[in-house]
Amino acid sequence: GAGVSQSPRYKVAKRGQDVALRCDPISGHVSLFWYQQALGQGPEFLTYFQNEAQLDKSGLPSDRFFAERPEGSVSTLKIQRTQQEDSAVYLCASSWGRAGLGTGELFFGEGSRLTVL
Amino acid sequence: GENVEQHPSTLSVQEGDSAVIKCTYSDSASNYFPWYKQELGKRPQLIIDIRSNVGEKKDQRIAVTLNKTAKHFSLHITETQPEDSAVYFCAAGGGSQGNLIFGKGTKLSVKP
């Protein structure tokens with residue numbers, strides 16, 4: 001597609017449920033980022049891939065959060081045993097190269113809004 | 001790791017006035033500083049960016065300045081219009097970690 005696509009757009013989960021959020025980056029983009037955006041806050045960095053390699057996962061809040069990008073394209077963010085504080089919009093972004101080294105813009109998806117009851 | 005501070009958190013101006021938003025960063029290795037605009041319920045979109053080899057960049061009514069020595073950069077919007085109303089985020093990256101760290105945002109309101 002022409003842009004970054006995320007699914008589902010909205011997800012309601014009961015506390016303790018596992019969820020999986022999908023990101024389809026722009027074709028050919030090397031770098032893929034996941035951010036968590038709470039209401040009224042800036043995007044908080046979660047993790048970053050360059051092709052299939054997860055180069056930085058320092059932002060993942062706990063071991064309940066796991067991300068993968070096995071073939072260097074589509075990525076999935078999985079949250080196990082969801083808790084209320086996980087409620088947020090999860091944004092995926094991609095860029096054609098490594099952030100900061102001539103790549104320019106990060107292109108964001110519309111986000112997946114997760115509500116944990 | 002990188003830490004980005006952004007001020008003010010809210011800014012209200014009259015249509016036609018200028019608006020200035022300031023950010024500071026901590027990682028001296030950062031070399032890429034974009035600004036994103038996010039309208040309510042929508043995705044962040046890049047409006048302007050600057051690299052560490054220049055001190056200023058302009059694009060019509062918006063400009064960004066960078067002071068690497070002081071580790072701060074600013075967004076300037078002139079002749080503001082109601083459609084400029086949105087949340088603006090600064091970010092810093094390209095340093096040792098390769099990721100992009102965002103500030104907490106500035107909600108700009110332009111009153112007609």
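Sequence lines set the chain letters: A, B, ... in the order given, protein chains first and strands last, and positions in each chain run from 1.
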Next item on the list: Only pairs at least two apart or in different chains count here, so list each side-chain hydrogen bond (donor to acceptor under 3.5 Å, both in side chains) that has a residue in residues 5-19 of chain B.
Entry: Asn3(B)-Glu5(B), Gln6(B)-Thr106(B)
Could you report the tightest heavy-atom contact between [X] and [Y], atom names first, then the distance?
X: Phe89(B); Y: Gly42(A); answer: CE2-CA, 3.1 Å
X: Phe33(A); Y: Leu100(B); answer: CE2-N, 4.2 Å
X: Glu110(A); Y: Lys42(B); answer: OE1-CA, 4.3 Å
X: Tyr36(B); Y: Leu106(A); answer: OH-N, 2.9 Å

Item checked: Spacing of CG belonging to Asn99(B) relative to OH belonging to Tyr48(A), to within rounding of 0.5 Å -> 8.0 Å
Would you indicate whether [X], at its atom [atom1], is surrounded by more than 12 heavy atoms from other residues, nucleotides or ligands within a distance under 6.0 Å?
X: Gln60(B); atom1: CD; value: no
X: Glu44(A); atom1: CD; value: no
X: Glu71(A); atom1: CD; value: no
X: Lys104(B); atom1: NZ; value: no

Do [X] and [Y] land in one hydrophobic cluster if side-chain heavy atoms of ILVMFWY residues count as linked below 4.5 Å?
X: Ile62(B); Y: Leu11(B); result: yes
X: Trp34(A); Y: Val30(A); result: no
X: Val89(A); Y: Ile79(A); result: no
X: Leu39(A); Y: Tyr90(A); result: no

Next item on the list: Determine, using ring centers only, whether Phe102(B) and Tyr35(A) are less than 6.0 Å apart.
Entry: yes
Checklist line | Contacts with chain B made by residues 7-17 of chain A (heavy-atom distance under 4.5 Å), listed by residue number | finding: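 From residues 7-17 of chain A, none sit under 4.5 Å of chain B.
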Notebook entry, point to check: Taking only residues two or more places apart in sequence or in another chain, which ones pass salt bridge (Lys or Arg N to Asp or Glu O under 4.0 Å) with Lys37(B)?
Noted result: Glu39(B)
Checklist line | Region of Phe108(A) in contact with chain B, defined by heavy-atom distances below 4.5 Å | finding: both
Next item on the list: Step by step, work out the side-chain contact (heavy atoms from CB on, under 4.5 Å) result for Gln37(A) and Gln38(B).
Entry: CA-CA 12 Å; Gln37(A) 187 173 31; Gln38(B) 188 175 31; 2.9 Å; yes
Check: So which part of Pro34(B) gets closer than 4.5 Å to some heavy atom of chain A, the side chain, the backbone, both or neither?
Finding: neither
Check: Are side-chain heavy atoms of Gln6(A) and Arg43(B) found at a separation under 4.5 Å?
Finding: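 Gln6(A) does not reach Arg43(B) side chain to side chain.
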Item checked: Which residues share a side-chain contact (heavy atoms from CB on, under 4.5 Å) with Asp84(B), sequence neighbours left out -> Arg61(B), Ile77(B), Thr80(B), Gln81(B), Tyr88(B), Leu108(B), Val110(B)
